[in-house]
Amino acid sequence: MSIAELRSQMLRRKPMGQVEDDGPADEQLSRSLGLWQLTAIGVGGIIGAGIFTLAGAVAHSVTGPSVLISFLIAGVASAAAALCYAEFAGMVPKAGSAYTYGYVSLGEIAGWFIGWDLLLEYIAVAAVVAIGVSGYFRFLLGQVDITLPDWMMGAHGTGDGHVVDVFAMLFCLGTAWLLSRGIKSVGRFETVAVGIKVALVVLIVVLGVFHIDSSNYTPYFPFGQGAVWTGAATVFFAVFGYDAMSTAAEESTDGKKHLPKAILYSLGIAMVLYVLATLVLTGMQKYTEISPTSGFSTAFESVGMPGIANIIAIGAIVGIVTVVLTFMLGVTRVWYAMSRDGLLPEWFAKTHPVRKVPTRVTWIVGIGAAVMAGLLDITIVAELTNIGILMAFIVVSVAVIVLRRTRPDEPREFKLPLMPVVPLIGIGFSLYLIWSLPWQTWVRFAVWLVVGLAVYFLYSRTHSKLERTGSADTAELV
């Protein structure tokens with residue numbers, strides 16, 4: 001094969017018309033999600049471990065009280081990307097999210113790159129959040145004086161005698177079972193659970209504000225002002241749940257109309273709650289005393305409110321469930337879309353004949369997340385997720401600029417303002433946050449991408465549906 005032919009394969013783009021008409025009717029997903037169910041899934045993906053676990057861990061070890069600024073930095077970067085996602089969602093309301101957006105605008109290799117990236121990152125997010133749930137579960141066991149063997153209480157290196165986090169593993173498998181029941185069941189559960197979670201955060205803020213000691217905010221930058229950028233890179237995965245929600249576009253009753261609104265609503269609600277919650281957490285306890293695993297429960301216990309601490313622990317478990325559910329939903333839909341396009345074996349794209357969900361990949365993802373959650377430390381997994389999602393944001397931000405130039409007349413339900421300033425802000429923030437991550441994270445990510453490139457060149461480029469049908473969009477990018 002000549003270089004020109006190989007280049008043509010890598011840069012071929014999926015036609016917009018083909019995106020709108022994908023696959024036989026009996027293999028398509030069920031459409032049953034309305035605006036508020038989509039918003040609930042988005043809020044469910046954003047609010048969870050970020051508030052209940054990661055905020056405490058980052059404040060304790062990385063930033064101190066300035067963790068609030070870390071969340072704001074991450075929020076600005078996420079908001080710029082959210083506007084890009086909203087424009088794409090109003091044009092291409094199909095399963096796959098950033099993978100599909102990259103495929104139709106930048107070409108097959110870009111779509112493959114981001115799809116392969118998201119397979120690992122979404123599974124890792126589900127794993128890190130499951131670890132957070134396990135921390136609150138262990139807190140509850142301690143409150144009722146239940147003692148279990150140390151070997152099953154956490155991954156190796158996270159505590160004396162720890163070998164595997166059994167609770168986190170069971171949590172991932174239970175979530176896979178719920179996802180296999182069908183999207184209607186998921187939508188109903190998300191709506192109820194998100195209501196409980198938002199009410200819990202409001203309770204935390206209302207009660208906690210009376211126990212703030214302003215001296216706990218001093219020093220505000222105990223690890224230096226530069227630490228807030230490292231903190232932002234670490235907490236970033238806590239502010240992009242709308243990305244995973246957008247992978248469910250094909251299961252929306254009116255994706256073009258509802259998805260852009262759901263993306264913006266969910267991020268706006270989440271950021272307000274994040275700011276208030278982190279302000280309360282770092283005001284109630286000195287950053288050195290904040291628990292890295294069950295921050296709010298231990299904070300309320302420290303001010304003589306053990307009953308509230310227990311309620312928070314129970315509510316945190318319910319609330320964090322929605323994050324695992326959202327990201328496991330996301331990775332299964334990306335995998336489904338890539339398999340339907342022939343870039344991965346089409347065996348994975350088969351849906352359940354009654355429930356219309358891709359049950360095969362659902363269980364594979366559940367097992368993969370369980371293994372990762374059971375054996376890895378939460379900080380390692382969190383850093384791994386962030387580099388991949390930041391890469392996805394860069395691709396989407398570039399893609400929305402390209403598509404404005406190549407398809408200026410394409411109908412758009414939502415057009416992001418200040419083009420190209422907004423996507424360029426998203427790209428700049430994302431690159432800086434990636435640079436702030438440890439070099440070990442880069443190495444792990446690079447290894448995954450090398451494996452992905454091998455899969456693409458050995459399998460995907462020759463099995464692509466565009467290769468078989470010859471229907472690629474080959475117009476020059478301008």
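Only a predicted model underlies this, so the values are computations on that prediction, with no experimental measurement involved.
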Could you check if a side-chain atom of M169 sits within less than 4.5 angstrom of a side-chain atom of L375, using non-hydrogen atoms only?
-> no
Report yes if some heavy atom in the side chain of E289 is under 4.5 Å from a heavy atom in the side chain of H60; otherwise report no.
-> no
Evaluate side-chain contact (heavy atoms from CB on, under 4.5 Å) for M284 paired with I204, printing each intermediate quantity in order.
-> CA-CA 11 Å; M284 290 181 68; I204 287 171; 6.0 Å; no
Hey, does the side chain of S266 reach the backbone of I263 with a donor-acceptor pair shorter than 3.5 angstrom?
-> yes
Measure the OG1-CD1 distance between T63 and I69 for me, rounded to the nearest 0.5 Å.
-> 9.0 Å
Return the minimal non-hydrogen interatomic distance between Y101 and V104, and the atom names on each side.
-> O-CG2, 3.4 Å
How far does CG of L329 sit from OG1 of T362, to the nearest 0.5 angstrom?
-> 8.5 Å
Minimum heavy-atom separation for C172 to G366, with atom names?
-> CB-O, 3.8 Å
Do any pairs count as a salt bridge (charged side-chain N to carboxylate O under 4.0 Å, His left out) and have a residue in residues 68-79, sequence neighbours left out, and if so which ones?
-> none
Contact check, side chains of S460 and M338, non-hydrogen atoms, under 4.5 Å | no
Test E108 against R461 for salt bridge (charged side-chain N to carboxylate O under 4.0 Å, His left out), laying out the working first.
-> CA-CA 8 Å; E108 188 170 276; R461 66 184 180 87; over 6 Å; no
4.5 Å side-chain heavy-atom contact, V334 and Y122 = yes
Exam field: side chain S291 to backbone T298, donor-acceptor pair closer than 3.5 Å = no
Report yes if some heavy atom in the side chain of V166 is under 4.5 Å from a heavy atom in the side chain of W151; otherwise report no.
-> yes
Check: R407 side chain, L403 main-chain N or O, donor-acceptor pair, under 3.5 Å = no
Shortest non-hydrogen separation from V402 to S105 and the atoms involved = CG1-O, 3.7 Å
Closest approach of Y287 to P65 (non-hydrogen atoms, all atoms of both residues) = CD2-CD, 4.0 Å
Supply the atom-to-atom distance L120 CG to L449 CG, rounded to the nearest 0.5 angstrom.
-> 9.0 Å
How are the rings of F393 and Y85 set relative to one another: parallel (under 30°), tilted (30 to 60°) or perpendicular (over 60°)?
-> perpendicular
Should C84 and L416 be marked as a side-chain contact (heavy atoms from CB on, under 4.5 Å) after you check the CA-CA gap, both sets of side-chain angles, and the distance that decides it?
-> CA-CA 7 Å; C84 297; L416 67 86; 3.8 Å; yes
Of all residues at least two apart in sequence or in a different chain, which pass the ring-ring contact (aromatic ring centres under 6.0 Å, His included) check with F429?
-> none
Straight-line distance of I114 CD1 to I394 CD1, nearest 0.5 Å | 8.5 Å
List the steps, then state whether side-chain contact (heavy atoms from CB on, under 4.5 Å) holds for M305 with L207.
-> CA-CA 10 Å; M305 302 178 72; L207 295 180; 4.3 Å; yes
side-chain contact (heavy atoms from CB on, under 4.5 Å) evaluation trace for Y336 with F348 | CA-CA 6 Å; Y336 165 82; F348 295 117; over 6 Å; no
4.5 Å side-chain heavy-atom contact, V331 and L118 = no
Heavy atoms of P417 and V422 approach each other most closely as O-CG2, 3.2 Å
Tell me, do I364 and W335 make a side-chain contact under 4.5 Å, heavy atoms counted?
-> yes
Nearest heavy-atom pair of A130 and V324: which atoms, and what distance?
-> N-CG2, 3.9 Å
Going by distance alone, is a donor N or O of one side chain under 3.5 Å from an acceptor N or O of the other, for D117 and Y99?
-> no
Using modelled atom types only, decide if a donor and an acceptor are shared between the side chain of S430 and the backbone of I427 within a distance under 3.5 Å.
-> no
Could you tell me the separation between the CG atom of L390 and the CZ atom of F445, rounded to the nearest 0.5 Å?
-> 9.5 Å
Please answer whether the main-chain N or O of S215 pairs with a side-chain N or O of D213 as donor and acceptor at a distance below 3.5 Å.
-> yes
Aromatic plane relationship, Y217 with Y220 - under 30° parallel, 30 to 60° tilted, over 60° perpendicular | perpendicular
Rounding to 0.5 Å, atoms CG (L264) and CD1 (I269) come to a distance of 11.0 Å
W116-W448 aromatic ring centre distance below 6.0 Å | yes
Picking from V275, T282, L281, what satisfies side-chain contact (heavy atoms from CB on, under 4.5 Å) with L68?
-> V275
Can you find a pair of side-chain heavy atoms, one from L179 and one from V365, that are under 4.5 Å apart?
-> no
Do N216 side-chain atoms and G283 backbone N/O form a donor-acceptor pair below 3.5 Å?
-> yes
